[in-house]
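Here is the naming used below: chain letters follow the sequence lines, and residue numbers restart at 1 for every chain.
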Amino acid sequence: MIDIAIEKKLKVYHGRQILKIDRQFANGSITKIYGPSGAGKTTFLKIIAGLISPEKGRIAVNNTTWLDTNININLSPQKRKTGFVFQDYALFPNMTVAEHLAYATDDKDWIKRLLILGKLDTLTNHKPAHLSGGQQQRLAILRALAIKPKMLLMDEPFSALDPDMKAELTIGLKVVFRELSATVLIVSHNPAELDGLVDGELYISDLSL
Amino acid sequence: MDLSPIWLTLKLAAITTLLLLIVGLPVAWWLSKGRSFFKTIIEAIITMPLVLPPSVLGFYLLLAFSPQHGLGKWLQNTFDIQFVFSFQGLVLASFIYSMPFMVGPIKSALQQLPASLAQASYTLGKTKWQTFKNILIPNIKPSLLTAVVLTFAHTLGEFGVVLMIGGNIPRVTRVASIAVYDSVERMDYASANAYSLILFCITFIMVISVFVFNKYQAKSPLE
């Protein structure tokens, strides 16, 4: 069980608003996160990963406290080791496809499997600049999976994929998620995109202060 | 012709560049992350030599390290180190004087990298040092090269600060730029021309090579 209750003030162009979430996620659940732009969906994922600190709150993952502002506990992103798919992919321009995955894990069989899953097995020597948008996005997903995360946070992970590729990848990912028994949060703008993949939803609204 | 000023200049530039690379990288990294009043002050101090007359910097260094009093006296008595009219004094002055040329381009380059690059590395469990070494540094290589070459070339061209703290001692502090001045004063125009031409060529080749290595994308230090 992942138990999250956080509060974070956000600065937006028309003033300030507050991101307030209180929610539990079952282990192995796959949840879609949606809501208006600027409501704090990305911030929410980054708070869970430990990349942003909220003013107030607590995050407990299976009885391990990741964050508790009352007793000054705030585990580093390195200790939380969430798989994170960034909206801008955040690929390393100096590394090839193979090097991205080797940077994340030593497990060669796992890397091989991921490359096939993301259909990048023929492009292992390419750097991000020589990949298409869809290939870059798939690499970002594979890199996040490479560390076999128990918690996977995906920020618009399918936005650059064509429908066929998306459908095929989703089937493969579902199997991998189950195998890893990963708890997955996926931010998505496309209403039907995650049908058949997710088993829950979280709506983040913009609460003005 | 006495070539020792040229060798002394190259030695000074090489040592200064190496020291600044070791110190400048972490300083630039620190400055590139976030803002605070303290950081702004430090950055201003590092940037000052860009606009301060070199003789002013040299004058204060001369005062600070004069073996007659204060810090200079203490260094002399405790460690037997003298910064005034010595080669190590030139290294110290060059270090301060050329620091903005090392720190500036590296800091700008680090700031221009998307924050998500380092964040992605952290979520993979990598430490700050691993991230710096494997992700940040390799992705700012062109700027790093620019910084190294500019620092080296800038140190070659020092005059005022070097004259103030080092004077004009043959084989100890008489660097090429001072040798040019000294030759002109003695009306030895042939030597002045030789020193000048050598400096001109070295500097030109260095700047050209930055442009070539960076495939014409080299950045001005002031950008």
Side-chain angles (χ1 to χ4, degrees), chain A residues 42-43 45-53 66 74-96 99-107 111 127-129 136-137 139-157 185, chain B residues 21 24-26 28-30 32-39 105-149 210 212-219 223:
Chain A
T42 299
T43 307
L45 294 192
K46 288 196 170 174
I47 287 173
I48 299 173
L51 298 169
I52 292 179
S53 299
W66 281 9
N74 191 357
L75 291 193
S76 64
Q78 287 89 341
K79 285 201 178 125
R80 299 186 192 195
K81 250 190 149 182
T82 56
F84 203 111
V85 181
F86 290 80
Q87 198 174 4
D88 66 354
Y89 316 150
L91 297 177
F92 308 133
N94 60 316
M95 290 189 187
T96 63
E99 284 165 351
H100 270 88
L101 301 181
Y103 183 61
T105 178
D106 296 328
D107 188 338
I111 291 179
K127 289 188 175 169
Q136 291 182 15
Q137 195 161 37
L139 176 57
I141 297 173
L142 300 189
R143 182 183 62 187
L145 286 170
I147 57 171
K148 297 188 177 174
K150 288 287 162 214
M151 180 103 204
L152 182 63
L153 308 164
M154 307 173 93
D155 199 351
E156 306 240 19
L185 304 184
Chain B
L21 189 64
L25 264 175
W29 187 27
W30 177 70
S32 73
K33 293 189 297 178
R35 292 193 68 84
S36 69
F37 183 66
F38 181 62
K39 268 187 195 180
I106 298 177
K107 191 204 112 183
S108 310
L110 287 172
Q111 273 177 335
Q112 275 163 23
L113 288 179
S116 57
L117 280 193
Q119 291 179 341
S121 180
Y122 296 156
T123 59
L124 297 173
K126 304 296 175 183
T127 62
K128 284 189 172 178
W129 168 242
Q130 285 171 320
T131 303
F132 186 62
K133 183 167 62 92
N134 297 310
I135 308 298
L136 302 184
I137 293 293
N139 287 309
I140 58 158
K141 262 191 201 152
S143 300
L144 201 58
L145 180 67
T146 305
V148 165
V149 171
V210 175
V212 171
F213 278 121
N214 286 354
K215 298 195 181 88
Y216 308 104
Q217 288 173 353
K219 287 194 166 171
E223 260 175 52

Side chain, backbone, both or neither: which part of A/Leu91 has a non-hydrogen atom closer than 4.5 Å to chain B? backbone

Which atoms of A/Phe92 come close to chain B, meaning under 4.5 Å heavy atom to heavy atom: side chain ones, backbone ones, both, or neither? both

Enumerate, by atom name, each donor-acceptor pair separated by under 3.5 Å where one atom lies in chain B and the other in chain A.
unit_1	atom_1	unit_2	atom_2	d
B/Ser116	OG	A/Asp88	OD1	3.2
B/Ser116	OG	A/Asp88	OD2	2.9
B/Gln119	OE1	A/Lys46	NZ	3.1
B/Ser121	OG	A/Tyr103	OH	2.8
B/Lys126	O	A/Gln78	NE2	2.9
B/Lys126	NZ	A/Tyr103	O	2.8
B/Asn134	O	A/Asn94	ND2	3.1
B/Asn139	OD1	A/Asn94	N	3.1
B/Asn139	ND2	A/Asn94	OD1	3.0

